[in-house]
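Residue numbers run from 1 in the order of the sequence given.
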Amino acid sequence: MRFAAALVLLAPLARCLVPGRRTLPVARRRITRAAPLMVISAEAMVSLQKLTNREEFTKTVEAYAKQKRLSTRDAELAYAGYLLDPDKFVLDAAAADKLGNKPAAQRRPEAKSVKIAQAGQRRSPLLQAYIDEGGPEVKERIEKFERENTIKACAIIAALMTFVIWYTPPV
């Protein structure tokens, strides 16, 4: 009886050990090939739209460029992407809004007027611009805040380092 039960349990393993077969059964993967979604490129779509209905295309692109603060070329390509696959365009726009993936010019339009931080500069350019606009009272208030918090941070770090160095765990 035990021998018969062992044979029943070992039969699938025995089938795997037959010469010419794989040692273990492998699930077959189904190969799918999706057709390309875009039959033509975005540039070709822009050219086609300019050829067929230039006025409506130009008006739509200008409004979109103004709304999204894009260059005309970027707005043309975005609109062509919409014409090629509207569903993908809407989903990508929703994901970009949710994740905050926007062009730098759209994220911070005031960044154009602020110079880039130089090597060794302690403050961010935006904070420095705020200080420059606010005058001496803002500068004094921010310097006092930085000074007090630097002292507090150094005291906390020193206390933690002292604790780490002098602490001996109980045996």
Side-chain angles (χ1 to χ4, degrees), residues 2 5-17 21-34 36-38 41-42 64-82 84-171:
R2 288 183 187 165
L7 267 176
V8 170
L9 292 175
L10 293 177
L13 182 62
R15 270 188 255 132
C16 294
L17 297 176
R21 294 190 78 178
R22 293 183 181 165
T23 57
L24 293 174
V26 177
R28 291 186 176 218
R29 293 183 187 167
R30 189 173 164 200
I31 299 173
T32 58
R33 292 187 181 152
L37 292 176
M38 292 200 287
S41 68
Y64 185 73
K66 185 177 179 183
Q67 177 189 7
K68 296 293 183 178
R69 296 181 184 165
L70 298 172
S71 68
T72 305
R73 184 68 183 151
D74 291 340
E76 285 177 350
L77 293 176
Y79 185 61
Y82 167 75
L84 289 170
D85 191 2
D87 294 334
K88 182 180 182 306
F89 180 82
V90 170
L91 291 173
D92 289 345
D97 286 343
K98 185 175 183 180
L99 299 176
N101 298 335
K102 296 180 182 176
Q106 190 176 354
R107 257 192 320 249
R108 289 183 31 209
E110 72 277 355
K112 294 176 185 172
S113 63
V114 178
K115 61 182 178 181
I116 297 173
Q118 301 298 320
Q121 185 175 353
R122 187 171 166 190
R123 295 188 177 118
S124 70
L126 194 57
L127 178 61
Q128 189 61 47
Y130 178 73
I131 291 171
D132 293 342
E133 288 178 9
E137 63 277 350
V138 173
K139 183 177 182 179
E140 183 180 327
R141 190 178 76 218
I142 290 177
E143 285 177 352
K144 179 183 174 198
F145 175 80
E146 288 175 343
R147 186 174 48 251
E148 288 176 355
N149 286 324
T150 303
I151 293 170
K152 289 176 188 176
C154 289
I156 291 171
I157 291 171
L160 286 175
M161 291 303 293
T162 305
F163 176 76
V164 168
I165 291 172
W166 293 105
Y167 177 72
T168 54
V171 180

For Leu77 and Ala42, the nearest pair of non-hydrogen atoms, with its separation, is CD2-CB, 4.0 Å

Is the number of heavy atoms from other residues, nucleotides or ligands within 6.0 Å of OH (Tyr167) greater than 12?
yes

Identify the residue among Leu84, Leu91, Asp92 that makes a side-chain contact (heavy atoms from CB on, under 4.5 Å) with Lys88.
Asp92

At what distance, to the nearest 0.5 angstrom, does CZ of Arg147 lie from CD of Glu140?
8.0 Å

Kindly compute the distance separating OG1 (Thr162) from CD1 (Ile157), expressed to the nearest 0.5 Å.
11.5 Å

Between Phe89 and Ala78, what is the shortest heavy-atom contact and its length?
CE1-O, 3.4 Å

Is it true that atom OH of Tyr82 has more than 12 heavy atoms of other residues, nucleotides or ligands lying nearer than 6.0 Å?
no

The reported gap from CD1 in Ile165 to CE in Met161 (rounded to nearest 0.5 angstrom) is 5.0 Å

Between OG1 of Thr150 and CZ of Phe145, what distance do you get to the nearest 0.5 Å?
9.0 Å

Asp74/Ser71 under side-chain contact (heavy atoms from CB on, under 4.5 Å): CA gap, chis, key distance, verdict
CA-CA 5 Å; Asp74 291 340; Ser71 68; 3.2 Å; yes

Measure the CD-CD1 distance between Glu137 and Ile142 for me, rounded to the nearest 0.5 Å.
10.5 Å

